[in-house]
Amino acid sequence: MSARTGVRCDRTAAWKQLQAHYAESGRAFDLRTAFETDGDARFAAFSEAAPHVFADLSKNLIDARTDALLLALARESGLEAHRDAMFAGQPINRTEDRAVMHFLLRAPADVPVAEHNKAALADVHTTLDAMLAYAEAVRGDHTITDVVNIGIGGSDLGPQMAVLALDEYVAPGKRFHFVSNVDGHELAGVLKGLAPEHTLFLIASKTFTTAETMANAQSARRWFAQSGGLDVARHFAALTTNVEAARAFGIEKTFGFWDWVGGRYSLWSAIGLPIALAIGADGFRALLAGAHAMDEHFRTAPLAQNLPVRLGLLDVWYRNFHGFTSRSIAPYHSALKRLPAYLQQLEMESNGKQVDASGQALPFGTSPVLWGEPGTNGQHAYFQMLHQGTDVTPLEFVAVRDAAHELEGHHPKLLANALAQAQALMVGQADAGGHRNFPGNRPSTFFVLEKLTPESLGAFLAMYEHRVFTSGALWGINSFDQWGVELGKVLARDIEPRLASGDTHGLDASTAGLLTRLR
């Protein structure tokens, strides 16, 4: 295994300086005072433009001293070396001894890469070309009206989020459905409205053994046969590396990917076939191009002007110094309704770790809880707590300047609400009676996309990936394994037959009692 480059953040001189700075002035920092002093300069200093994304960080609890110390923390922790190791294809995923190269999935075929990555890049484009050719053939086949993606985790959240987000670009005459939960109600609800001769099923599982996915796939195949379906090979395709298992299932059309592609980083790979079917080959290549532009920004921009780096440093400042345990994201665009769920997996599965890359217990918090809903719906639900609750929760707004509809008056109202909520969180409102008192000084970040396009979505998602990389690198953790999802799966294999037999031998009293009641 490769050695982890750099130093864990709490072992640096900058960490101690940040602790002193927080105690001296960071804890009591007031945004209103900061803006009264020189608001224009503050907005200029704490805003950042990156490919397809503009971010206003000025309403966060930071000043020039905080910024300088956080950048020093990044340098002392070896962030740049760790970033460069990833782009060089070194096995920075230590616990699985794997490289982390999802950036190759969106790199142009002729981009300069490390010598030992050239073969991988060639394989990527061979698979990409074949996948997009298949996507175009299906898009031109008017007998296929419904596409059902069966996967879970990264094989579901990314494609589902992106297809919904890019609805404006979806081919007419095609409907897309996503089934992930082993709860049969989900699959049954989708199948109700389908005809086998007009349906294409995509089975997304790297190993073709994922329990939930294979249970749903087998039920879909039974439904297909029982409903008069005649050609499994034509109506089923697999996104997998286990070609033999797929063939045994009856599937001939398969598209694979590589062990250096983690599930939550896989929408750029063959797992993105539903996206390609929805928005076409040109649209999918544009999605990749937007992500690649952000990759290059993260790889080459100086730390002080590097948007993913600045966001990741802000996350460390809030989590480890202010002690904020959660962060909310509010996309002010209804097409981004699944973005919070997608980002939950990306961040919490990557950085929800309690030991560092060497297996040593961490003395500080790591991933915050990430949650949210689209605006303005969230304003009529949980924003009450954000404004007047006892906990401070940083909020992130995502606004799109140009609407994709022509309904008069709606978009200005939407944007006005986003701007007003960010302003209200910061300025607050005094009320002696208390009930209408808004404490203010509540931090927020405001992202602006000019339009919601394949390019801008690709750039925004890549920005978040590299943000998660940044905070994980400083914390010294491996952001690219996910052992925490395994234990429950193992125990479920023992419990499932007990539900049929009633055997509770060896179970704890609670599990035994619940199993008996559920039978």
Side-chain angles (χ1 to χ4, degrees), residues 51-52 101-111 120-149 151 154-178 198-204 233-241 251-258 261 265-296 335 404 451-462:
H52 304 287
M101 298 197 297
H102 48 276
F103 60 89
L104 274 188
L105 297 170
R106 54 252 191 162
D110 58 353
V111 74
L121 182 59
D123 286 345
V124 164
H125 280 274
T126 298
T127 301
L128 176 63
D129 291 344
M131 181 187 86
L132 294 183
Y134 176 73
E136 288 300 300
V138 173
R139 281 165 60 84
D141 184 349
H142 300 299
T143 67
I144 299 297
T145 58
D146 291 88
V147 177
V148 181
N149 188 81
S155 298
D156 167 77
L157 286 166
Q160 182 182 174
M161 175 274 300
V163 169
L164 288 169
L166 300 173
D167 180 68
E168 179 192 357
Y169 298 86
V170 172
K174 295 281 193 279
R175 297 186 299 173
F176 291 84
H177 315 270
F178 292 86
H198 298 306
T199 303
L200 172 66
F201 291 95
L202 306 178
I203 313 303
R234 168 172 153 72
H235 291 273
F236 284 75
L239 316 177
T240 184
T241 55
I251 294 175
E252 296 177 6
K253 183 63 69 175
T254 61
F255 300 96
F257 45 108
W258 304 269
V261 182
Y265 301 91
S266 65
L267 72 85
W268 322 99
S269 71
I271 290 297
L273 178 57
I275 308 171
L277 288 167
I279 66 175
D282 289 345
F284 194 79
R285 290 188 188 279
L287 179 79
L288 300 180
H292 176 67
M294 187 62 73
D295 291 340
E296 287 300 288
K451 288 188 67 175
L452 185 54
T453 65
E455 291 95 335
S456 66
L457 180 66
F460 187 83
L461 300 180

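- Checking side-chain atoms of Lys174 against main-chain N and O of Ile144 turns up a donor-acceptor pair under 3.5 Å.
- From Met131, atom CE reaches atom CD1 of Ile271 across 10.0 Å, with rounding to the nearest 0.5 Å.
- For CD of Glu252, the number of neighbouring non-hydrogen atoms (other residues, nucleotides, ligands) closer than 6.0 Å is 12 at most.
- Judged by distance alone, the side chain of His125 and the main-chain N or O of Ala109 form a donor-acceptor pair under 3.5 Å.
- In this structure, Lys253 places its NZ atom where only 12 or fewer heavy-atom neighbours from other residues, nucleotides or ligands lie under 6.0 Å away.
- Trp268 pairs with exactly one of Val124, Ile275, Leu461, Leu128 by the side chain to side chain contact (heavy atoms under 4.5 Å, CB included) rule, that one being Leu461.
- The two residues Ile279 and Pro454 make their nearest non-hydrogen contact at CD1-CG, 4.2 Å.
- When side chains are defined from C-beta on, Thr127 does not count as touching Phe257, because their heavy atoms never get closer than 4.5 Å.
- For Ala459 against Pro51, the heavy-atom pair with the smallest separation is CB-O, 3.3 Å.
- Counting only distance, with no hydrogens or angles, the side chain of Glu136 and the backbone of Ala281 share a donor-acceptor pair below 3.5 Å.
- Of all the heavy atoms in Phe284 and Ser269, the pair that sits closest is CZ-O, 4.1 Å.
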Decide yes or no on side chain to side chain contact (heavy atoms under 4.5 Å, CB included) for Leu452 and Glu168, but give the supporting numbers first. CA-CA 9 Å; Leu452 185 54; Glu168 179 192 357; over 6 Å; no
Test log, rule side chain to side chain contact (heavy atoms under 4.5 Å, CB included), inputs Trp258 and Leu105: CA-CA 10 Å; Trp258 304 269; Leu105 297 170; 3.8 Å; yes
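- Listed for the Asn149 side chain is a donor-acceptor partner under 3.5 Å among the backbone atoms of Ser155.
- Distance check: His52 NE2 to Phe460 CZ gives 13.5 Å after rounding to the nearest 0.5 Å.
- In this structure, the separation between CG on Leu200 and CZ on Arg234 is 8.5 Å, given to the nearest 0.5 Å.
- Formation of a donor-acceptor pair under 3.5 Å by the Ser456 side chain with backbone atoms of Thr453 is found in this model.
- Partner of Phe178 under the side chain to side chain contact (heavy atoms under 4.5 Å, CB included) criterion, chosen from Asp156, Val148, Val147, Leu157: Asp156.
- Here Leu202 contributes atom CG and Leu273 contributes atom CG; the two are 5.0 Å apart, rounded to the nearest 0.5 Å.
- Considering all non-hydrogen atoms of both residues, Leu267 and Gly158 come closest at CD2-CA, 3.9 Å.
- The backbone N or O of Ala278 lies less than 3.5 Å from a partner atom in the side chain of Arg139, making a donor-acceptor pair.
- For Arg175 and Thr199, the side-chain atoms include no donor-acceptor pair closer than 3.5 Å.
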Does the side chain to side chain contact (heavy atoms under 4.5 Å, CB included) test come out yes or no for Val163 and Leu277, once each step is laid out? CA-CA 9 Å; Val163 169; Leu277 288 167; over 6 Å; no
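- In this structure, the separation between NE2 on His235 and OG1 on Thr143 is 6.5 Å, given to the nearest 0.5 Å.
- Scanning all heavy atoms of the two residues, the minimum distance from Gly154 to Pro159 falls at O-CD, 3.7 Å.
- Within 6.0 Å of CG on Asp282 lie no more than 12 heavy atoms contributed by other residues, nucleotides or ligands.
- Atom CD of Glu296 is separated from atom CZ of Arg106 by 11.0 Å, given to the nearest 0.5 angstrom.
- Inspection of the Asp146 and His177 side chains reveals an N or O donor paired with an N or O acceptor under 3.5 Å.
- Shortest non-hydrogen contact noted between Asp295 and Ala462 is OD1-CB, 4.1 Å.
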Chi angles and distances behind the side chain to side chain contact (heavy atoms under 4.5 Å, CB included) call for Leu457, Leu166: CA-CA 8 Å; Leu457 180 66; Leu166 300 173; 3.9 Å; yes
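- Under the 30°/60° scheme for interplanar angles, the aromatic rings of Tyr134 and Phe255 are found to be tilted.
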